[in-house]
Amino acid sequence: RAALTTAHEHALVWPADDGLRPCPGLADLLGPYPAGLGPPLATTLDRRDDAALRALAHTLGPTPDEDGPPAVVVTALVSALTDAGTVDLLLTDAPPGARRVLDALTWGPPVGRAPDPATPSPARDAVLWLLEHGLLAGQDDQHVVLPREVALALREGRTHRTPAHP
């Protein structure tokens, strides 16, 4: 609350009917990945088609939600993948290299180059597994991105490695 008050006092945000609004130019100042965090998990999951969402829900553990409307499936997946315990449990079955990929992206930048899908390699296998399990998302044909909530789970809820003001 104190941080929001300070941001308001410095005209970085202002109140609106539906919450706070950032001042013009704030996004340009902070860049595309504030605090080295990628896009929200719900945004990356919304890029998947219904069949891929249901497959991911089933992979994470069959639940009644996996047969619901896409929005319900996304909500259930976000809930599961934001839990550090779930992420750690998933990684126990991950192929070699998966943890290294996540470690490289956890503190930012959250975007990495995807290995060539036509060339077999441990890195390709690790990235494909992470994509399949929702811990990474495709950004385009050549890049993957670590969703914000997955990074925060890996960071143990911290936005920065060390506090800005000790």
Side-chain angles (χ1 to χ4, degrees), residues 1-4 7 13 15-22 26-27 30-112 114 123-141 143-163:
R1 192 171 289 279
L4 290 175
V13 297
D17 291 339
D18 59 349
L20 293 174
R21 297 274 186 201
L26 187 59
L30 295 175
Y33 305 114
L37 294 168
L41 184 56
T43 300
T44 64
L45 292 172
D46 280 341
R47 295 179 195 154
R48 296 176 184 234
D49 63 30
D50 289 355
L53 282 175
R54 292 179 204 302
L56 177 56
H58 186 75
T59 298
L60 294 180
T63 67
D65 295 334
E66 74 184 65
D67 293 324
V72 172
V73 177
V74 167
T75 299
L77 289 170
V78 167
S79 178
L81 293 171
T82 57
D83 177 63
T86 300
V87 172
D88 286 341
L89 186 61
L90 281 172
L91 289 173
T92 60
D93 294 329
R99 178 55 98 164
R100 283 192 306 269
V101 170
L102 292 177
D103 288 345
L105 302 174
T106 295
W107 292 102
V111 177
R124 182 199 69 165
D125 295 343
V127 168
L128 290 176
W129 188 93
L130 291 166
L131 288 165
E132 179 183 324
H133 289 81
L135 298 175
L136 282 182
Q139 184 167 5
D140 56 39
D141 290 342
H143 298 91
V144 293
V145 64
L146 180 64
R148 178 176 302 159
E149 293 86 349
V150 175
L152 287 169
L154 294 167
R155 293 176 178 191
E156 299 175 345
R158 295 177 290 152
T159 57
H160 295 82
R161 281 186 207 255
T162 57

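Every heavy atom of this structure was used, including side-chain atoms; hydrogens, water molecules and symmetry mates were not. Just so we're clear, the structure is a prediction, and the values are computed from it rather than from any experiment.
Distance check: Leu56 CG to Leu53 CG gives 7.0 Å after rounding to the nearest 0.5 Å. The distance from the CZ atom of Arg155 to the CZ atom of Arg161 is 8.0 Å, given to the nearest 0.5 Å.
Annotation: ring pair (Phe, Tyr, Trp, His ring centres under 6.0 Å) contacts of Trp129 (sequence neighbours excluded): His133. Partners of Asp140 under the side-chain contact (heavy atoms from CB on, under 4.5 Å) rule, at least two apart in sequence or in another chain, are Gln142, His143. Judged as a side-chain contact (heavy atoms from CB on, under 4.5 Å), and not counting sequence neighbours, the contacts of Ala16 are Asp18, Arg21. Qualifying salt bridge (charged side-chain N to carboxylate O under 4.0 Å, His left out) partners for Arg158, counting only residues two or more places apart in sequence or in other chains: none. For Ala123, the side-chain contact (heavy atoms from CB on, under 4.5 Å) partners two or more places apart in sequence, or in a different chain, are Pro115, Ser121. With sequence neighbours excluded, no residue forms a side-chain contact (heavy atoms from CB on, under 4.5 Å) with Asp93. Under the side-chain hydrogen bond (donor to acceptor under 3.5 Å, both in side chains) criterion, Asp50 pairs with no residue at all, not counting sequence neighbours.
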Return all side-chain donor-acceptor pairs below 3.5 angstrom for residues 30-46, not counting sequence neighbours, or 'none' if the list is empty.
unit_1 : atom_1 : unit_2 : atom_2 : d
Tyr33  : OH     : Gln139 : NE2    : 3.1
Thr44  : OG1    : Leu41  : O      : 2.8

Show me, pair by pair, the donor-acceptor contacts under 3.5 angstrom made by side chains of residues 74-83, not counting sequence neighbours?
unit_1 : atom_1 : unit_2 : atom_2 : d
Thr75  : OG1    : Ala71  : O      : 2.9
Thr82  : OG1    : Val78  : O      : 3.0
Thr82  : OG1    : Ser79  : O      : 3.2
Asp83  : OD2    : Gly85  : N      : 3.3
Asp83  : OD2    : Thr86  : N      : 2.8
Asp83  : OD2    : Thr86  : OG1    : 3.0

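For the side chain to side chain contact (heavy atoms under 4.5 Å, CB included) criterion with Leu105, the lone passing option out of Val145, Leu136, Val111 is Leu136.
The two atoms that bring Gly97 and Ala126 nearest to each other are C-CB, 3.7 Å, heavy atoms only. Among all heavy-atom pairs drawn from Glu132 and Arg48, the shortest one is O-NH1, 4.3 Å. Heavy atoms only, all atoms of each residue included: Val150 and Leu146 are closest at CG1-CD1, 3.7 Å. Nearest heavy-atom pair, Ala114 versus Val144, reported as atom, atom and distance to 0.1 Å: CB-CG1, 4.0 Å. Across every non-hydrogen atom of Pro147 and Leu135, the tightest pair is CD-O, 3.4 Å.
Using modelled atom types, no side-chain atom of Arg99 and backbone atom of Leu91 make a donor-acceptor pair closer than 3.5 Å.
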